[in-house]
Amino acid sequence: MTRPVTRFSTAPLWQMTRQLAAVAGGRAAADLVITDARILSTYTDRISGPKEIWLSGGRIAAVKELGAYRAAPVPKAVYDAKGGILAPGLVDPHIHIESSMITACAYAEGALLNGTTTIFCDSHEIGNVMDVAGVETMLEDARLAPMSIFLTVPSTVPATSPELETAGGDLTPEKIGALFDAWPEAVALGEKMDFVPVVMGDPRSHAIIAESLKRGRPVSGHVYGREFIPGYAASGVTDTHEAIDRDIANDMADAGIWVFLRGGNPSTPWNSIAEAIGAITKDGASPKRFCVCTDDRDADDLLTFGQDWVVREAIRLGMAPATAWAMGSLHGATRFGMDGDFGALGGGRRADVILLNDDLKVQNTWYGGELMVEGGKITPLLDHCLESRYTYPKAAYQTVKLPAARKLLPELPAGPVTVNAIGIEMPGIALPHRKVPVTPGKDWAETLAAHSLTHVAVIERHGKSEGNIAHGFLHDFTLKAGAVASSVGHDSHNIIVAGLNEADMQLAVAEIEKHQGGIAVVRDGDVKAFVALPVAGLMSDKRVHEVAEETRALKAAWEEAGCAIPYMGFNLIPLSVIPEIRITDKGLVTVPQMAIVPTFEA
């Protein structure tokens, strides 16, 4: 078996121009000719053919008329596409590998099955847990993966400030600058989530942005509210994936901000493309500065709702097929100034080539000219590449450090109070601040049932405090019984647990502590479902299909428990940069006021 294939298996273009010119001119043999195919051109947004593609050294030498290879030196191999469509590998401009709950090497398997060959990932999750060391371990992992993985350097670690939450990492402007200088894969600044401090001119926020701008790197964003767009654009932010409707998408596009239309499993919070794409399909905006992206996918959804699905969703919503594919490939590469390598089938580009059927479903994936997926299944070569995945250091398996004594419920109030509650409603991103009048019953069980409340607590898990635990309440979470808990509480990734009784809440937290990370569903003293996430409390070290199976079981148990939002929405409840109210280890935080409010008011 040959050596594993990585991004580095294909030489840079400057080393290959003479060889590619010789092949394109018919003076040297191609390594591979893929013949009898229609060609999806992301340059012209057209599908034409039949034609053929000549590959050499992991790059495209030329796109030729059908049968032209017969008049050239005999190629090493010929592949008959049988009239299928050849398209460039998909380029996902904004994802978080950690959200898949698998490592970078394992992520590549799911991505290649869906025709995604290049991603731009923001590793702020592991950065929030392990600081620079976490980001660098992810980069080492990415270098061994059989796909092209680039980093948008985490920009907002912690997401807010030590006064509002406790994170495991603190990526200062100096640390961010050092990451840019040490790692060529660091090509942009990751999503600047603290949009309120940015538009208000916060010194630290702008110092971080400056580290990217002074190196000529673009700045990615994350913003809610049309009123923030002018100040955000003026601060140097030039993309965002948080366009939740066509109005804000239009504002972003007119302000010079690239719009990443986020598509996802419609049962999760991530599917905002349906509304935002109206800026193009209804309001006539040019798609030239629009991309599609996935943002967050668990292992199960990665296999079912990949970047290829988002492209097809854009087509269903009114985009022409070739234009939609360009939005999923060339546009993302262009945004990061890397369209000379990725996103198209022109001469000199990397031979990241996808064979599609007429429904634009992926049949084959060539990565750097090597066949990784054939007939919708991984090849022995890809299987070989994934047999020896990157091994994370011991410290990555020791990140859940909880206080020994954990009181997860507040005392029952002696008389009537108003509860500052977190309202739970789909899709589960922005959550309303609800003031719920509460008259206590004889105990918490009676009180919760009478007011549609569920306990929620956040436990600091980085060992940096005196064992901070904050108590709060979810309104209309609709949990039937027991408890649910997760070590993926964005963005500081403290433990979040919600439940109707302390015993089940304690069991859920104990299960997470035992495995050094995970997501649990517990009822009546029994663990109904659990996904172990021992790598930084965020990721499994298993392969994608194994974790996908565990995740499907978790989702089934989560739904049976009656939770009003999916578990990925539950993980967002501590994310203290999204309106209107959140809970961190420091307490209830209102957004955009960025103020801590008490759980109970008289």
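Heads up: numbering here begins at 1 and tracks the sequence.
- Between the side chains of Asp194 and Ser205, at least one donor-acceptor pair of N or O atoms lies under 3.5 Å.
- If you take OG1 on Thr6 and CE on Met147, they are separated by 12.5 Å, rounding to the nearest 0.5 Å.
- In this structure the side chain of Asn271 never reaches within 4.5 angstrom of the side chain of Pro427, judged on heavy atoms.
- Annotation: side chain of Val5 is in contact with side chain of Met372 (closest heavy-atom distance under 4.5 Å).
- Under a 3.5 Å cut-off, the side chain of Thr156 and the backbone N or O of Met193 do form a donor-acceptor pair.
- Listed for the Tyr107 side chain is no donor-acceptor partner under 3.5 Å among the backbone atoms of Val544.
- Checking Arg461, Lys464, Glu460 one by one against Asp585, the side chain to side chain contact (heavy atoms under 4.5 Å, CB included) holds for a single residue, Glu460.
- Looking at Asp170 and Arg204, a side-chain N of the basic residue comes within less than 4.0 Å of a carboxylate O on the acidic one, giving a salt bridge.
- Between His222 and Ile578, the closest side-chain pair of non-hydrogen atoms falls below 4.5 Å.
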Side chain to side chain donor-acceptor pair (under 3.5 Å) evaluation trace for Glu98 with His490: CA-CA 11 Å; Glu98 302 97 316; His490 296 288; over 6 Å; no
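- Interatomic distance, CG of Asp92 versus CZ of Arg297, reported as 8.0 Å (0.5 Å rounding).
- Residues Pro158 and Ala167 share a closest heavy-atom pair of CB-CB, 3.7 Å.
- The main-chain N or O of Glu140 is never found under 3.5 Å from a side-chain atom of Arg143 such that the two would form a donor-acceptor pair.
- Taken to the nearest 0.5 Å, the CG atom of Asp298 stands 12.0 Å off from the CD atom of Glu550.
- Note that NZ of Lys288 is 10.5 Å distant from NE2 of His331, once rounded to the nearest 0.5 Å.
- The pair Glu211-Lys214 counts as a salt bridge, with a side-chain nitrogen and a carboxylate oxygen less than 4.0 angstrom apart.
- Arg289 and Thr334 are not linked by any side-chain donor-acceptor pair at a separation below 3.5 angstrom, with hydrogens and angles left out of the test.
- For the atom pair NE2 of His124 and OG of Ser155, the computed distance is 8.5 Å after rounding to the nearest 0.5 Å.
- Ring pair Phe195/Tyr224 is tilted by interplanar angle, where 30° to 60° counts as tilted.
- Screening Val157, Thr137, Thr399 for a side chain to side chain contact (heavy atoms under 4.5 Å, CB included) with Ile126, the sole residue that qualifies is Thr137.
- Taking OG1 of Thr118 as the start and CG of Leu90 as the end, the distance is 9.0 Å to the nearest 0.5 Å.
- Taking 4.5 Å as the limit, every side-chain heavy atom of Met539 sits out of range of all side-chain heavy atoms of Val547.
- The closest side-chain heavy-atom distance from Leu330 to Asp339 is below 4.5 Å.
- Ring orientation note: the planes of His515 and Phe530 are tilted relative to one another, at an angle of 30° to 60°.
- Judged purely by atom type and a 3.5 angstrom limit, Gln307 uses its side chain to pair as donor or acceptor with the backbone of Val91.
- Counted within 6.0 Å of CD on Glu549, heavy atoms from surrounding residues, nucleotides or ligands total 12 or fewer; the atom is thus considered open.
- Side-chain atoms of Gln363 come within 3.5 Å of backbone atoms of Lys361 as a donor-acceptor pair (strictly under, hydrogens ignored).
- Side chains of Asp541 and Tyr392: a donor-acceptor N/O pair is absent below 3.5 angstrom, by distance only.
- For the residue pair Ala276 and Leu261, the shortest heavy atom distance occurs at CB-CD2, 3.6 Å.
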Report the C-alpha distance between Ile149 and Cys121 in whole Å, list the side-chain angles of each, state the deciding distance to 0.1 Å, and finish with yes or no for side chain to side chain contact (heavy atoms under 4.5 Å, CB included). CA-CA 7 Å; Ile149 300 177; Cys121 72; 3.8 Å; yes
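- If you check the side chains of Thr160 and Glu165, you find a donor sitting under 3.5 Å from an acceptor.
- Under the 3.5 Å distance criterion, the side-chain polar atoms of Ser487 are matched with a main-chain donor or acceptor of Gly537.
- Looking at Thr584, its side chain does come within 3.5 Å of a backbone N or O of Leu164 through a donor-acceptor pair.
- The two residues Pro93 and Val292 come nearest to each other via the heavy atoms CD-O, 3.2 Å.
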Could you check Glu125 against Val129 for side chain to side chain contact (heavy atoms under 4.5 Å, CB included), going step by step and ending with a plain yes or no? CA-CA 7 Å; Glu125 296 185 28; Val129 176; over 6 Å; no
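- Judged purely by atom type and a 3.5 angstrom limit, Trp366 has no side-chain atom pairing as donor or acceptor with the backbone of Leu355.
- A side-chain donor-acceptor contact under 3.5 Å links Ser212 to the backbone of Pro218.
- Looking at every heavy atom in both residues, His462 comes nearest to Asn128 through CE1-O, 4.0 Å.
- Asp141 has its side chain within reach of Cys105: a pair of non-hydrogen atoms, C-beta onward, lies under 4.5 Å apart.
- In this structure the side chain of Leu386 reaches within 4.5 angstrom of the side chain of Pro146, judged on heavy atoms.
- Residues His94 and Glu242 have side chains that never bring a donor and an acceptor to within less than 3.5 angstrom of each other.
- Annotation: Lys555, atom NZ; neighbour count of heavy atoms from other residues, nucleotides and ligands within 6.0 Å is above 12.
- Nearest heavy atoms, Ser329 versus Gly343: OG-O, 3.7 Å.
- Under the 3.5 Å distance criterion, the side-chain polar atoms of Glu374 are left unmatched by any main-chain donor or acceptor of Asn364.
- Side-chain atoms of Leu538 and Val488, non-hydrogen and from C-beta on, do get closer than 4.5 Å to each other.
- In this structure, Phe120 and Phe150 have parallel ring planes: the angle between them is below the 30° cut-off, well short of the 60° mark.
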Side chain to side chain contact (heavy atoms under 4.5 Å, CB included) evaluation trace for Val132 with Leu171: CA-CA 7 Å; Val132 169; Leu171 293 186; 3.6 Å; yes
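- A cation-pi arrangement, defined by a distance under 6.0 Å to the six-membered ring centre and an angle within 45 degrees of its axis, is present between Arg350 and Tyr367.
- Taking all atoms of both residues into account, the shortest heavy-atom contact from Ala351 to Leu55 is CB-CD2, 3.8 Å.
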Asp300/Asn265 under side chain to side chain contact (heavy atoms under 4.5 Å, CB included): CA gap, chis, key distance, verdict: CA-CA 10 Å; Asp300 179 30; Asn265 182 339; over 6 Å; no
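- Each of Thr10, Thr17, Asp341 was evaluated against Arg59; a single residue qualifies, Asp341, per the side-chain hydrogen bond (donor to acceptor under 3.5 Å, both in side chains) test.
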